Amino acid sequence: MNAPLAVVTGGAGFLGGHLCRRLLEGGFRVLVLDDFSTGDPASVAALAEHPGFALRRHDITQPWPAEVGEAARIFNLACPASPAAYQRSPVQTTLTSTLGTWRALEVALQSGARVLQASTSEVYGDPEVHPQHESYRGHVNPIGPRACYDEGKRVAETLCMAYHLERGVEVRIARLFNSYGPGLRPGDGRVVSNFIVQALRGEPLTVYGEGRQTRSFCHVDDTVDGLLRLMDASIEGPVNLGNPQEYSVLDLAERVLRLTGSRSRLEHRPLPADDPKRRCPDISLAERHLGWCPRVTLDAGLRDTIEHFRRELTSAR
Ligand SMILES: NC(=O)c1ccc[n+]([C@@H]2O[C@H](COP(=O)([O-])OP(=O)(O)OC[C@H]3O[C@@H](n4cnc5c(N)ncnc54)[C@H](O)[C@@H]3O)[C@@H](O)[C@H]2O)c1
């Protein structure tokens, strides 16, 4: 009998590459749909030899190829995650989360696949409640520079629940908080990759505002473990997946300097519009329903990520 098929949209991206490897190890065949707008086929090059792996260049807002009809699982990860990337093409970002998610759900309706939607802590916007529990409805600017991402993901959640309630499609919604680890791209524009690359190059670390804004940082191994557990669990509403340890951006910068041994200085720039001031998940739902909590400490995860960037920057010379 054929192994079950998992379709991974955005599978050539940071999280997607790790997820595809874990799915193949778990006995799935994997079909990736990716338009390579922020992802890179090189990130899954190591999987290309696997007989159960297939990669298609495809924009998920366009009608999906017929081969997805066999899917038992659809992980809908396609969407740029870095603010710099999603703000470059706000129309396409919005359509990817809305039209693209609608197409995933229509495929699932036909094939009976279960869909996991990669949502985000950005659905909470600049939160007024702390830490953020799934019941918090958020504080999002619908027309600001982050809206294409935040509101696109909110509509994607709405579509998932509507297809579930009205048409019986099985859905899972992961509200992911910042994830980091090997596989991040040097020019990606996320805070962890920015700081590490700047520190390794001896350039100033760019800190927005005073750096007192907080974030939570979840290592990619923990994030992917959470995604796999959630897909197999029986909980239809959104579930936060993130590290409940809260760190200021300044603290992160100081750790990166210590762990890289860099003498870079900090350079402060004005805070971007609508930048969230505090961000930290309440993960009690994930603990209860998935038996999940993050295992990798920030220092261990940063060491691992720094090694990845040292290799990347050396091979780019
Ligand atoms: N990494 C995080 O910290 C984080 C946090 C919250 C949510 N998420 C969500 O997880 C998912 C994956 O994030 P990531 O960090 O791997 O981002 P990423 O930018 O590295 O990967 C996204 C992938 O989607 C592809 N893509 C974008 N638009 C597409 C389209 N229209 N059709 C087909 N492919 C398309 C890109 O080429 C890329 O390979 C995203 O949906 C993101 O919103 C990630």
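Just so we're clear, the structure is a prediction, and the values are computed from it rather than from any experiment. Atoms within a ligand are numbered from 1 in the order they appear, just like the ligands themselves.
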Exercise for the section: Go through the side-chain N and O atoms of R175 and Y124 and say whether any donor and acceptor fall under 3.5 Å apart. Expected result: yes

Exercise for the section: Report the C-alpha distance between Q92 and D59 in whole Å, list the side-chain angles of each, state the deciding distance to 0.1 Å, and finish with yes or no for side chain to side chain donor-acceptor pair (under 3.5 Å). Expected result: CA-CA 10 Å; Q92 175 67 4; D59 173 353; 3.2 Å; yes

Exercise for the section: Look at ligand 1 and say whether K153 reaches it with a heavy atom at a distance under 4.0 Å. Expected result: yes

Practice task
Give the residue, atom name and distance (to 0.1 Å) of the protein heavy atom nearest atom 32 (N) of ligand 1.
Solution key: I60 N, 2.9 Å

Exercise for the section: Please state whether Q92 comes within less than 4.0 angstrom of ligand 1, counting heavy atoms only. Expected result: yes

Practice task
Specify the protein heavy atom at minimum distance from atom 36 (C) of ligand 1: its residue, its atom name, and the distance to 0.1 Å.
Solution key: T38 OG1, 3.2 Å

Exercise for the section: Side-chain contact test, heavy atoms from C-beta onward, threshold under 4.5 Å: evaluate it for L116 versus R73 and give yes or no. Expected result: no

Problem - Student check: side-chain heavy atoms of Q117 and L105 closer than 4.5 Å - result: no

Practice task
Using a 4.0 Å heavy-atom threshold (strictly under), name the region of H58 that reaches ligand 1: side chain, backbone, both or neither.
Solution key: backbone

Exercise for the section: Check N178 against ligand 1 and report side chain, backbone, both or neither, counting heavy atoms closer than 4.0 Å. Expected result: backbone

Problem - pair L252-V192: side-chain heavy atoms closer than 4.5 Å - result: yes

Fill in the blank from the handout: Tightest non-hydrogen contact, residues D274 and R146, listed as O-CD, 3.5 Å

Handout entry: ligand 1-proximal atoms of S82, by part, heavy-atom distance under 4.0 Å
Key = neither

Practice task
Evaluate the salt bridge (Lys or Arg N to Asp or Glu O under 4.0 Å) criterion for residues E307 and R310: first the C-alpha distance (whole Å), next the side-chain angles of each, then the deciding distance (0.1 Å), finally the verdict.
Solution key: CA-CA 5 Å; E307 278 321 300; R310 277 197 211 280; 3.5 Å; yes

Problem - Interfacing atoms of ligand 1 (cut-off 4.0 Å, heavy-atom, T120) - result: 6 (C), 7 (C)

Practice task
Ignoring angles and geometry beyond distance, decide whether P80 reaches within less than 3.5 Å of ligand 1 through its nitrogen or oxygen atoms.
Solution key: no

Practice task
Flag S179 as yes when one of its N or O atoms lies below 3.5 Å from any N or O atom of ligand 1, and as no otherwise.
Solution key: yes

Problem - Polar side-chain atom of Y149 near backbone of C79 as donor-acceptor pair, under 3.5 Å - result: no

Exercise for the section: Do me a favour and list the nearest non-hydrogen protein atom to atom 30 (C) of ligand 1 with residue, atom name and distance? Expected result: D35 OD2, 3.3 Å

Completion exercise
Restricting to heavy atoms, the pick from G242, G10, A85, G152 nearest atom 24 (O) of ligand 1 would be G10

Handout entry: atom 15 (O) of ligand 1 - nearest protein heavy atom and its distance
Key = R190 NH1, 2.7 Å

Handout entry: Side chains of I60 and T96 in contact at under 4.5 Å (non-hydrogen atoms)
Key = yes

Exercise for the section: Hey, could you give me the CG/OG1 distance between L95 and T101, rounded to the nearest 0.5 Å? Expected result: 11.0 Å

Problem - Heavy atom of D59, distance to ligand 1 below 4.0 Å - result: yes

Fill in the blank from the handout: Under 4.0 Å between heavy atoms, the region of Y149 that gets near ligand 1 turns out to be side chain

Problem - Sub-3.5 Å N/O-N/O distance, N76 and ligand 1 - result: no

Problem - Nearest heavy-atom neighbours spanning T223 and C218 - result: OG1-SG, 3.6 Å

Exercise for the section: For atom 21 (O) of ligand 1, find the nearest protein heavy atom and state the residue, atom name and distance (0.1 Å precision). Expected result: G13 CA, 3.4 Å

Practice task
Please answer whether the main-chain N or O of T297 pairs with a side-chain N or O of Q245 as donor and acceptor at a distance below 3.5 Å.
Solution key: no

Problem - Closest protein heavy atom to atom 13 (O) of ligand 1, given as residue, atom name and distance to 0.1 Å - result: A81 CB, 3.7 Å

Practice task
Pick one of side chain, backbone, both or neither for how F36 approaches ligand 1, counting any non-hydrogen atom pair under 4.0 Å.
Solution key: backbone

Distance-only check: which donor-acceptor pairs under 3.5 Å involve side-chain atoms of residues 8-16, not counting sequence neighbours?
| unit_1 | atom_1 | unit_2 | atom_2 | d |
| --- | --- | --- | --- | --- |
| T9 | OG1 | N76 | OD1 | 2.7 |
| T9 | OG1 | L77 | N | 2.9 |
| T9 | OG1 | A78 | N | 2.9 |

Completion exercise
Near G39 (heavy-atom distance under 4.0 Å), the atoms of ligand 1 are 36 (C), 37 (O), 38 (C), 39 (O)

Practice task
Just need the protein heavy atom nearest to atom 22 (C) of ligand 1, so name the residue and atom and give the distance.
Solution key: C79 O, 3.2 Å

Exercise for the section: For atom 16 (O) of ligand 1, find the nearest protein heavy atom and state the residue, atom name and distance (0.1 Å precision). Expected result: L15 N, 2.8 Å

Exercise for the section: Please identify which atoms of ligand 1 are closer than 4.0 Å to at least one heavy atom of R185. Expected result: 18 (P), 19 (O), 20 (O)

Problem - Enumerated ligand 1 atoms positioned under 4.0 Å from heavy atoms of A12 - result: 39 (O)

Practice task
Please examine the side chains of V32 and L47, heavy atoms only from C-beta on, and report whether any two atoms are closer than 4.5 Å.
Solution key: no

Handout entry: Aromatic ring pairing Y180/H219, orientation class (parallel under 30°, perpendicular over 60°, tilted between)
Key = perpendicular

Exercise for the section: Look at ligand 1 and say whether S37 reaches it with a heavy atom at a distance under 4.0 Å. Expected result: yes

